[in-house]
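The next block holds one structure in the form of structure tokens; read it before the comments.
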Amino acid sequence: QDAEVIRTRDPQRLAQCDVVVDVGGEYDPARHRYDHHQRSFTQSMRCLRPDKPWSTKLSSAGLVYCHFGAQILSSLLGQPEDGPVVTTLYDKLYENFVEEIDAVDNGIAQRDGEARYAVTTTLSARVGRLNPRWNDAEQDTEVG
């Protein structure tokens with residue numbers, strides 16, 4: 001609730017953060033580092049949660065969802081984290097929303113014959129609009 005959000009790639013500033021998402025080149029949930037930008041990173045929902053069927057490589061959004069989604073849903077719904085309501089909603093949200101973000105962020109084509117994931121939103125395009133255009137005079141991504 002009282003967290004300060006900082007947008008940076010500065011390693012010295014990142015080292016001071018309690019949680020780092022989508023930057024820093026490190027996936028270490030014990031230290032709350034959730035980046036998927038390493039050549040060695042191949043984690044999927046199925047890798048981290050063997051009870052889940054999805055094999056799409058996770059993005060940072062998927063990592064955060066994987067680790068905290070059920071806890072957040074449980075808190076919002078006032079339902080047990082391992083109960084059927086939270087479990088069903090967690091699965092549906094991943095399959096119909098987060099998996100698309102994971103796939104698009106990792107450059108995974110939707111189809112190679114049969115569909116690999118469902119496209120249900122243009123969220124990636126909306127996020128992309130927040131980035132400066134390639135020919136903008138101001139390319140500083142630190143400016144909000």
Side-chain angles (χ1 to χ4, degrees), residues 1-11 13-134 136 139-144:
Q1 175 177 323
D2 298 324
E4 178 185 359
V5 176
I6 299 169
R7 185 174 180 185
T8 186
R9 286 188 169 82
D10 179 349
R13 290 194 73 194
L14 293 175
Q16 298 170 8
C17 295
D18 296 322
V19 179
V20 178
V21 177
D22 207 32
V23 293
E26 183 178 8
Y27 169 57
D28 183 357
R31 294 183 43 245
H32 293 297
R33 299 306 190 247
Y34 304 98
D35 194 9
H36 67 114
H37 296 105
Q38 305 84 253
R39 288 186 192 270
S40 62
F41 185 88
T42 59
Q43 303 296 335
S44 67
M45 186 68 79
R46 186 184 319 167
C47 292
L48 298 178
R49 296 197 53 185
D51 61 316
K52 302 301 180 190
W54 304 285
S55 59
T56 301
K57 180 181 169 185
L58 295 170
S59 67
S60 295
L63 282 170
V64 171
Y65 187 77
C66 180
H67 287 282
F68 300 104
Q71 180 182 351
I72 292 167
L73 290 169
S74 172
S75 176
L76 289 171
L77 298 171
Q79 296 284 322
E81 195 171 322
D82 61 350
V85 172
V86 170
T87 299
T88 299
L89 189 54
Y90 179 91
D91 290 352
K92 291 294 183 184
L93 279 169
Y94 184 77
E95 187 170 22
N96 295 300
F97 185 66
V98 179
E99 187 178 26
E100 176 189 351
I101 296 168
D102 288 342
V104 171
D105 195 20
N106 283 302
I108 299 169
Q110 183 191 14
R111 294 187 171 276
D112 183 13
E114 200 169 310
R116 292 182 174 124
Y117 58 92
V119 174
T120 59
T121 180
T122 58
L123 180 63
S124 297
R126 293 176 192 182
V127 171
R129 288 185 204 127
L130 298 173
N131 292 322
R133 293 184 180 160
W134 70 271
D136 279 350
Q139 289 290 318
D140 186 358
T141 58
E142 304 295 320
V143 175

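- Residue Lys57 comes nearest to Phe41 through the heavy atom pair CE-O, 3.3 Å, listed as atom of the first residue, atom of the second, then distance.
- Residues Tyr90 and Tyr65 bring their aromatic ring centres within 6.0 Å.
- Every residue meeting the side chain to side chain contact (heavy atoms under 4.5 Å, CB included) condition with Val21, not counting sequence neighbours, appears here in chain and number order: Val19, Tyr34, Ser60, Val64.
- Residue pairs satisfying the salt bridge (charged side-chain N to carboxylate O under 4.0 Å, His left out) criterion with at least one member in residues 29-38, sequence neighbours excluded, are listed as follows: Glu26-Arg31, Asp28-Arg31.
- In this structure, CD in Glu4 is found 8.5 Å from SG in Cys17, a value given to the nearest 0.5 Å.
- Distance OG1/Thr88 to NZ/Lys92: 8.0 Å, rounded to 0.5 Å.
- To the nearest 0.5 Å, atoms CG (Asp105) and CG (Leu58) are separated by 10.5 Å.
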Which atom pairs, one a donor and one an acceptor, fall under 3.5 Å between side chains of residues 66-77 and the rest of the protein, sequence neighbours left out?
{"unit_1": "His67", "atom_1": "NE2", "unit_2": "Tyr27", "atom_2": "OH", "d": "2.6"}
{"unit_1": "Ser74", "atom_1": "OG", "unit_2": "Gln79", "atom_2": "O", "d": "2.5"}
{"unit_1": "Ser74", "atom_1": "OG", "unit_2": "Glu81", "atom_2": "N", "d": "3.4"}

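- Between the CD atom in Gln43 and the CG atom in Leu63 there is a gap of 8.0 Å [rounded to 0.5 Å].
- Between Arg46 and Lys52, the closest side-chain pair of non-hydrogen atoms is not below 4.5 Å.
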- Query: Checking side-chain contact (heavy atoms from CB on, under 4.5 Å) for the pair Ile101/Tyr94: CA distance, chi angles, key distance, verdict?
  - Reply: CA-CA 9 Å; Ile101 296 168; Tyr94 184 77; over 6 Å; no
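- Residues that satisfy the salt bridge (charged side-chain N to carboxylate O under 4.0 Å, His left out) test with Asp51, not counting sequence neighbours, are Arg49.
- In terms of the side chain to side chain contact (heavy atoms under 4.5 Å, CB included) criterion, residue partners of Val23 (sequence neighbours excluded) are, by chain and number, Arg9, Leu14, Val20.
- At distances below 3.5 Å, at least one donor-acceptor pair connects side-chain atoms of Asn106 with backbone N or O atoms of Asp102.
- The closest side-chain heavy-atom distance from Ile6 to Arg13 is below 4.5 Å.
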